[in-house]
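Scope of the values below: all heavy atoms of this structure, side chains included, with no hydrogens, waters or symmetry mates. In each ligand, atom 1 is the first atom listed, and ligand 1 is the first ligand listed.
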Amino acid sequence: MNYHVMTLFPEMIEQVMGTSIMGRATEKGLITLNTVNIRDFSENKHNRVDDYPYGGGAGMVMAAGPVYRTWKHVMEGIKARNPEGTKEKAPRVIYLTPQGKVFNQKMAEEFAKEEDLVFLCGHYEGIDERALELCVTDFVSIGDYVLTGGELPVCVMMDAISRLVPGVLNNEDSAEFESLQDNLLEYPQYTRPVSFMDKEVPDVLLSGHHANIEKWRREQSIIRTYKNRPDLLPDAVLSKKEKQFLDKLIQSEGKNEE
Ligand code: 6GU
């Protein structure tokens, strides 16, 4: 996976991506990170990249020129690395914006299949629409709140995508079994000691009975999803018995409210 990040704050991206699992994956060559400073493509003598919005209004707008030239530079770099004809389709260019489609695990899985991903981080009140029309293929948000720029969101996205790249996680298949598999939340985990502040580890986990443990964990996942994220349940992958368990849960909760 080769990431290319167009930003006014490359050090911010490099700092995050140099740490922990991302740092190790980069050292191992499983992912590469190419940050490009949009300010380097300003043709202004003061290196300015923003300007007043046409039509007036608060704040500044990132000008089309520097963004477009940065994008050109990144695309040429990708082309130079891929000899003629070895790459059928142009890489996806993702603009981080609260106006985009909200990022989720399914999108992470789709993006993880790409060889190159180009990210564009905006600042100020936004980017001149013409640059977006010329360069961007995907508009992505990380949730319904407003941040000051795309740098934190791009780090969130790269983290979620990288852990799906084969070899990035220690245990090759540990990503598969985690949260949001089957559209269910993760079950509760315990480790030693058995008793902590008078709170005990559930007996079933000490029983050594693997089928019972698996059943208990699936039920805990269903309970959590029902309580915290009922919106996920219509797409949850459940066995017939698990569907019955959920129906009972819904019925008993309904009774409790009476
Ligand atoms: Cl991608 N950018 C900004 N500036 N704010 C956000 C966001 C992105 N996603 C949620 N809030």
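For atom 4 (N) of ligand 1, the closest non-hydrogen atom of the protein is Leu147 O, 3.2 Å. For atom 8 (C) of ligand 1, the nearest protein heavy atom (residue, atom name, distance) is Pro153 CG, 3.6 Å. At the top of the distance list for atom 1 (Cl) of ligand 1, counting protein heavy atoms only, stands Thr97 N, 3.1 Å. Looking from atom 11 (N) of ligand 1 to the surrounding protein, the closest heavy atom is Tyr145 O, 2.5 Å.
Taking CG of Asp50 as the reference point, atom CG of Leu8 lies at 8.5 Å (rounded to 0.5 Å).
Remark: distances from the non-hydrogen atoms of Val154 to ligand 1 are all 4.0 Å or more.
For Lys215 and Glu219, the salt-bridge test passes: some basic side-chain N is under 4.0 Å from an acidic carboxylate O. Taking a cutoff of 4.0 Å between a charged side-chain nitrogen and a carboxylate oxygen, Lys248 and Glu253 do not qualify as a salt bridge.
When the heavy atoms of Gly149, Gly143, Gly150, Pro98 are ranked by distance to atom 10 (C) of ligand 1, first place goes to Gly143.
Distances between N or O atoms of Thr148 and those of ligand 1 include no value under 3.5 Å. For a threshold of 3.5 Å applied to N or O pairs, the pair formed by Ile142 and ligand 1 contains at least one separation below that value.
Between the side chains of Tyr3 and Ser162, at least one donor-acceptor pair of N or O atoms lies under 3.5 Å.
Below 4.0 Å from some heavy atom of Val140 lie the following atoms of ligand 1, by number and element: 1 (Cl).
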Stepwise side-chain hydrogen bond (donor to acceptor under 3.5 Å, both in side chains) test for Tyr95 and Thr137: CA-CA 8 Å; Tyr95 176 45; Thr137 63; over 6 Å; no
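Aromatic rings of Phe41 and His73 (six-membered ring for Trp) have centroids within the 6.0 Å cut-off, being under it.
Looking only at side-chain heavy atoms (C-beta outward), His4 and Phe119 stay at 4.5 Å or farther from each other.
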